[in-house]
Protein chains: 2
Amino acid sequence: MTSTEPPAESAPLRPTRQRRAVSEALAACDDFRSAQEIHELLGRRGDPVGLATVYRTLQRLADAGEVDMLRTEDGEAVYRRCSGSHHHHLVCRSCGATVEVEGPAVERWTRAIADRHGFADVSHTLEIFGTCPTCAES
Amino acid sequence: MTSTEPPAESAPLRPTRQRRAVSEALAACDDFRSAQEIHELLGRRGDPVGLATVYRTLQRLADAGEVDMLRTEDGEAVYRRCSGSHHHHLVCRSCGATVEVEGPAVERWTRAIADRHGFADVSHTLEIFGTCPTCAES
DNA sequence: ACACCTGGTGAGAATGATTTTCAAGTCGGG
DNA sequence: CCCGACTTGAAAATCATTCTCACCAGGTGT
Ligand SMILES: [Mn+2]
Ligand SMILES: [Mn+2]
Ligand SMILES: [Zn+2]
Ligand SMILES: [Zn+2]
């Protein structure tokens, strides 16, 4: 090859039973779920998908921006189908209930801070954890 | 025991060579380091400390608020000696260079959001990742 | 200095999440 | 159909972090 490279052709992505299954499982729940949970859930409902495939699919969906991924306080990655626009989450530490929140001011602030220090290719993580009103009444 | 409990006596914490070593190693570098890195570093300079001990010590320091802990984008926990007041970080994804940043407005905002949704016992994580000016000039 | 109790250590095994392997299965265009 | 490119998934491999547990050391009372 000399220079015949199509600008990073993003493979069309085939529609398979597995990918559909993961997407649907995700669409079905409202809060963050780990790859393991999705895998087990699918298995239980007789639509088994290999664990490796669940991980692969979840990651692609995340890269494609179709789902949000965040790490719980103990480092486990969890995914959730979310609205398209950029936002963050208020998550209940005990039941996982999630509220999407937006903060234009915060976005501006992080960008400003990064600029001020000459950092490029910036990204940020911002999550709020707490105990939801339901779980509060012990 | 009936009610003779001194409000959770926090054990005095013994000053051992190991604990000192970890603290010093941490004091010596300016950016975030993982437990593994600290462990290897100490080993290389002939002041070996068991990996398990490094993990234990780092966690205690973090609990005691003496060091900050955050998770890199791929989920690894890294520690750094920091100033006492609450703040966040602007971290270089490639070299680890760190800048401490404060944002009173952000703190207020997260508290307000949590209140609005009735969440209690709230905490938050906020980190900014990017490529520092030095690493930028590839 | 001495015995003793308790916290601290660390080598190695155990966990657990995520990744890699790679042989076998599936898709879709020609 | 037919082939090559994309997918799968069971099992093995990675890797960070935790646990076990026999052994060691700091602090305390004598
Ligand atoms: Mn944001
Ligand atoms: Mn803060
Ligand atoms: Zn809850
Ligand atoms: Zn850098």
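For clarity, every value in this text was computed on a predicted model and none was experimentally measured.
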Exercise. With A:E40, which residues qualify under salt bridge (Lys or Arg N to Asp or Glu O under 4.0 Å), at least two apart?
Worked result: A:R44

For this session: Could you tell me which residues satisfy salt bridge (Lys or Arg N to Asp or Glu O under 4.0 Å) with B:R19, sequence neighbours excluded, listed by chain and number?
Result: none

For this session: Report yes if the side chains of A:I128 and B:I113 come closer than 4.5 Å at any heavy-atom pair, otherwise no.
Result: yes

Problem set entry | Minimum side-chain heavy-atom gap A:F129-B:V122 below 4.5 Å | no

Spacing of [atom1] belonging to [X] relative to [atom2] belonging to [Y], to within rounding of 0.5 Å:
X      : Y     : atom1 : atom2 : value
B:E100 : B:S85 : CD    : OG    : 7.0 Å
A:E127 : A:L70 : CD    : CG    : 4.5 Å
A:L41  : A:R33 : CG    : CZ    : 8.0 Å

Problem set entry | Distance test, side-chain N/O of A:R60 to OP1/OP2 of D:dT7, below 4.0 Å | yes

Exercise. Who passes side-chain contact (heavy atoms from CB on, under 4.5 Å) against B:E66, sequence neighbours left out?
Worked result: B:L61, B:A64, B:R81

Seminar exercise, completed: Students should find that the end-to-end axis angle of the helix from C:dA1-D:dT30 to C:dG30-D:dC1, with five pairs defining each axis and rounding to 10 degrees, is 20°

Problem set entry | Within residues 39-47 of chain A, residues whose heavy atoms come under 4.0 Å of DNA chain C | none

Exercise. Pairs in or reaching into residues 61-85 of chain B: which pass ring-ring contact (aromatic ring centres under 6.0 Å, His included), with residues at least two apart or in two chains?
Worked result: none

Exercise. Between B:V78 and A:P48, which has a closest nucleotide on DNA chain D that is more 5'?
Worked result: A:P48

For this session: Report which part of the nucleic acid B:Q18 touches: base, sugar-phosphate, or nothing (heavy-atom distance under 4.0 Å, all strands).
Result: sugar-phosphate

Exercise. For B:H89, which residues count as a ring pair (Phe, Tyr, Trp, His ring centres under 6.0 Å) partner, sequence neighbours excluded?
Worked result: B:F32, B:H87

Exercise. Residues in ring pair (Phe, Tyr, Trp, His ring centres under 6.0 Å) with B:H86, at least two apart?
Worked result: B:H88, B:H124

Exercise. Going 5' to 3' along nucleotides 19-24 of chain C, which nucleotides have protein heavy atoms under 4.0 Å from the base (write B), which only from the sugar-phosphate (write S), and which from neither (write -)?
Worked result: BBB---

Exercise. How would nucleotides 22-29 of chain D be written as a contact map, 5' to 3', with B for base contact, S for sugar-phosphate-only contact and - for no contact, using protein heavy atoms under 4.0 Å?
Worked result: ---BBS--

Exercise. Got a sec, which pairs hit side-chain hydrogen bond (donor to acceptor under 3.5 Å, both in side chains) with one end in residues 47-60 of chain B, sequence neighbours left out?
Worked result: B:R17-B:D47, B:Q36-B:Y55, B:T53-B:R56

Exercise. Between residues 22-30 of chain B and DNA chain D, which residues have a heavy-atom gap below 4.0 Å?
Worked result: none

Please state how far atom [atom1] in [X] lies from atom [atom2] in [N], giving the value in whole angstrom units.
X     : N      : atom1 : atom2 : answer
B:L58 : C:dT9  : CG    : P     : 13 Å
A:Q36 : C:dT15 : CD    : C1'   : 12 Å
A:R19 : C:dT26 : CZ    : C1'   : 11 Å

Exercise. Should A:R93 and A:E73 count as an ion pair when the cut-off is N to O under 4.0 Å?
Worked result: yes

